[in-house]
Protein chains: 2
Amino acid sequence: MKLSTKIRYGTRALVYIAAFGKNRYVSISEISEKENISLKYLENIMTLLKSSGLLRSMQGAGGGYYLAKSIDELTLADIMYSISGPIFLVRCLSEYECNREMECVLKDVWNDVNNVLDKKLRSIKLKNIVKKRKRKIKSFA
Amino acid sequence: MKLSTKIRYGTRALVYIAAFGKNRYVSISEISEKENISLKYLENIMTLLKSSGLLRSMQGAGGGYYLAKSIDELTLADIMYSISGPIFLVRCLSEYECNREMECVLKDVWNDVNNVLDKKLRSIKLKNIVKKRKRKIKSFA
DNA sequence: TAATATCCTACTAAACTAATAGGAATTATA
DNA sequence: TATAATTCCTATTAGTTTAGTAGGATATTA
Ligand code: FES
Ligand code: FES
């Protein structure tokens, strides 16, 4: 149970855009440089975030990415699920073709854990993170 | 974020022992058969559970495994951590040698998620699962 | 037309997961 | 004291996933 680099890098990229991308496009190369993430790898990640509708983009010189939704709306759940697909701790929670359901108590248990995790992830908005970030930076100044 | 087969099989094995192993030893072959888990693979898993102190064992004919603690004490957290090590969603939460801490807001965020998950896992006791199991079986009778 | 971007397709090394395999050591019991 | 049943110990292996790399096509601005 470790978060993948895709999720960690992707989250950092989104936080970066949320913090510095007001009314402008943010390029991958800028994020790559400031956040120390491999440019080409970040490209892959941005594609995922774009194709699930969290980001939009503008091609060509001066182009880049921008948030498709408000920072008050975007949550950690959105980010994680966009990158790695929805979280189902066990297969039986996503595939409804399961022949052990009758005997199996654990399904309910895992479902319970799954829900708690999901609820927590949905409660953390990009806005909260950006705010925290500002406070932190202020406290160092 | 899928649970490994080790965790799923290991949990089932423990639930089995908790349900059917009152005052007796339960052999791997019995669990393997009843729970449809590869004998040799289950052996590996039982070793993990034993060496982290959740199970004890008796060698030789008639031997097998038994719980080292009460079912009221053993939690899902115990089981999962015994099998796969403690959960730290990101490295920075376990290795205190981290040079980005100052700039990094996300550490607190991941820590928060980590704690919620841990708390939930610690709240689910083996006893609860066994009880559920009994109720379920009764409802089919 | 040159520079700066995203977009698209593909490949690859390393790590991890899920098993499998064979046999040694221990214990109960016939 | 054999024999069967069991845990214990050490390895190996096929498959999958992760993390990253590579090269070029396409679009936009200046
Ligand atoms: S194995 Fe499918 S519900 Fe448990
Ligand atoms: S990278 Fe270490 S605290 Fe965030």
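As the structure is a computational prediction, the values presented were derived from the model and not from experiment. Convention: sequence-line order gives letters A, B, ...; per-chain numbering from 1.
- The distance between atom CD1 of B:Ile7 and atom P of C:dC16, rounded to the nearest whole Å, is 15 Å.
- Distance, B:Ile37 CD1 to C:dA19 P: 10 Å, rounded to whole Å.
- Residue B:Lys40 has its side chain nearest to C:dA21 when only C:dT6, C:dA21, C:dC8 are considered.
- The distance from atom CZ of B:Arg56 to atom P of D:dC8 is 13 Å, rounded to the nearest whole Å.
- Relative to the side chain of B:Ser27, the nucleotides D:dT6, D:dT21, C:dT20 differ in distance, and D:dT6 lies closest.
- Counting heavy atoms from C-beta outward, B:Ile7 and B:Ile45 have side chains that stay 4.5 Å or more apart.
- Applying a 4.0 Å cut-off to non-hydrogen atoms, the residues of residues 41-50 of chain A that approach DNA chain C are A:Glu43, A:Lys50, listed by residue number.
- Within the 4.5 Å cutoff, the side chain of A:Ile87 has heavy atoms near those of the A:Tyr81 side chain.
- Residue order along DNA chain C, read from the 5' end via each residue's closest nucleotide, puts A:Gly64 first among A:Gly64 and A:Met1.
- Residue B:Thr5 places at least one side-chain N or O closer than 4.0 Å to OP1 or OP2 of C:dA19.
- Spacing between atom CG of A:Leu39 and atom P of C:dC7 amounts to 13 Å, rounded to whole angstrom units.
- Under the 4.5 Å side-chain criterion, counting only non-hydrogen atoms from C-beta, A:Leu55 is in contact with A:Leu67.
- Remark: side-chain polar atoms of A:Ser57 are not paired, donor with acceptor, to backbone N or O of A:Gly64 under 3.5 angstrom.
- Rounded to whole Å, the distance from CZ on B:Arg8 to C1' on C:dT17 is 12 Å.
- Residue A:Ile71 holds its CD1 atom at 6.0 Å from NZ of A:Lys22, rounded to the nearest 0.5 Å.
- Between A:Asp78 and A:Lys69, the closest side-chain pair of non-hydrogen atoms is not below 4.5 Å.
- One finds no side-chain N or O of A:Ser4 lying less than 4.0 angstrom from the OP1 or OP2 phosphate oxygen of D:dT17.
- Summary of the strand contacts: A:Leu3 and B:Val26 both lie near DNA chain D, and taking for each the nucleotide with the nearest heavy atom, the more 5' one is attributed to B:Val26.
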Collect all protein-nucleotide pairs involving nucleotides 27-30 of chain C in which both atoms are nitrogen or oxygen and the distance is under 3.5 Å.
residue : atom : partner : partner atom : Å
C:dT27  : O2   : B:Ala61 : N            : 3.0
C:dA28  : O4'  : B:Ala61 : O            : 3.4

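- Using a 3.5 Å distance cut-off with no hydrogens or angles, the side chains of A:Tyr16 and A:Glu30 do pair a donor with an acceptor.
- Distance NZ (B:Lys2) to C1' (D:dG15): 18 Å, rounded to an integer number of Å.
- Heavy atoms of B:Tyr25 sit nowhere under 4.0 angstrom from any nucleic acid atom.
- A:Val15 and A:Tyr41 fall within the same hydrophobic cluster, defined by Ile, Leu, Val, Met, Phe, Trp and Tyr side-chain heavy atoms under 4.5 Å apart, directly or through other members.
- Straight-line distance from the OH atom of A:Tyr9 to the P atom of D:dT18: 14 Å, rounded to whole Å.
- Regarding A:Ile31, its CD1 atom lies at a distance of 18 Å from the P atom of C:dT4, rounded to whole Å.
- Side chain of B:Lys107 to backbone of B:Leu93: no donor-acceptor contact under 3.5 angstrom is found.
- In this structure the side chain of B:Ile83 reaches within 4.5 angstrom of the side chain of B:Leu49, judged on heavy atoms.
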